[in-house]
Amino acid sequence: MHRLRADVSACATDDGMVLLDERDGRYWQLNGTGALVVQALLDGATPEQIAERLAATRPVAPDRAIADVTAMIGHLTRERLVSDS
């Protein structure tokens with residue numbers, strides 16, 4: 001299960017989400033799809049479950065959805081915004 005690091009704040013916006021890394025003041029603005037991925041991840045969904053949800057609600061093929069979700073999780077992890085508990 002993934003979670004935001006203790007020093008990362010998330011705030012929903014009208015069109016997505018903003019993540020703030022309080023260690024260095026950097027922030028990431030996510031669109032609606034990115035926010036859906038992050039929220040589902042934090043709610044305990046697996047990458048496969050998130051990809052299935054995206055493929056069912058967005059115009060994206062299932063194989064592309066899992067590749068995109070995996071890439072996003074990798075990016076969030078490399079940026080040290082989320083950790084795998």
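For reference, positions follow the sequence shown, starting with 1. Because only heavy atoms are used, hydrogens play no part in the values below, and waters and symmetry mates are left out as well, while side chains stay in. Everything quoted here is computed from the prediction, not taken from an experiment.
Of all heavy-atom pairs spanning L42 and R3, the tightest one is CD2-CA, 3.6 Å. Nearest heavy atoms, A35 versus L30: N-CB, 4.0 Å. Closest non-hydrogen pair, I73 versus P47, comes out as CD1-CG, 3.6 Å.
Hydrophobic cluster of I66: no remaining members, since no ILVMFWY side chain lies below 4.5 Å from it.
For the pairing with M72, the side chain to side chain contact (heavy atoms under 4.5 Å, CB included) check across L41, V38, I50, T77 returns one residue only, V38.
Q39 meets the side chain to side chain donor-acceptor pair (under 3.5 Å) test with D43; sequence neighbours excluded. Under the side chain to side chain donor-acceptor pair (under 3.5 Å) criterion, Q49 pairs with T46, not counting sequence neighbours. R64 pairs by the side chain to side chain donor-acceptor pair (under 3.5 Å) definition with D68, not counting sequence neighbours.
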List the atom pairs, with distances to 0.1 Å, where a side-chain N or O of residues 55-63 and a protein N or O form a donor-acceptor pair under 3.5 Å, not counting sequence neighbours.
residue : atom : partner : partner atom : Å
T57     : OG1  : R53     : O            : 2.8
R58     : NE   : T33     : OG1          : 3.1

Show me the side-chain donor-acceptor pairs of residues 14-22 shorter than 3.5 Å, one per line, residues at least two apart or across chains.
residue : atom : partner : partner atom : Å
D15     : OD1  : T13     : OG1          : 3.2
D21     : OD1  : R23     : N            : 3.0
D21     : OD1  : R23     : NE           : 2.8
D21     : OD1  : R23     : NH2          : 3.4
D21     : OD2  : R23     : NE           : 3.4
D21     : OD2  : R23     : NH2          : 2.6
E22     : OE2  : S9      : OG           : 2.2

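Sorted by first and then second residue, the pairs that involve residues 71-85 and meet salt bridge (Lys or Arg N to Asp or Glu O under 4.0 Å), not counting sequence neighbours, are R26-E79.
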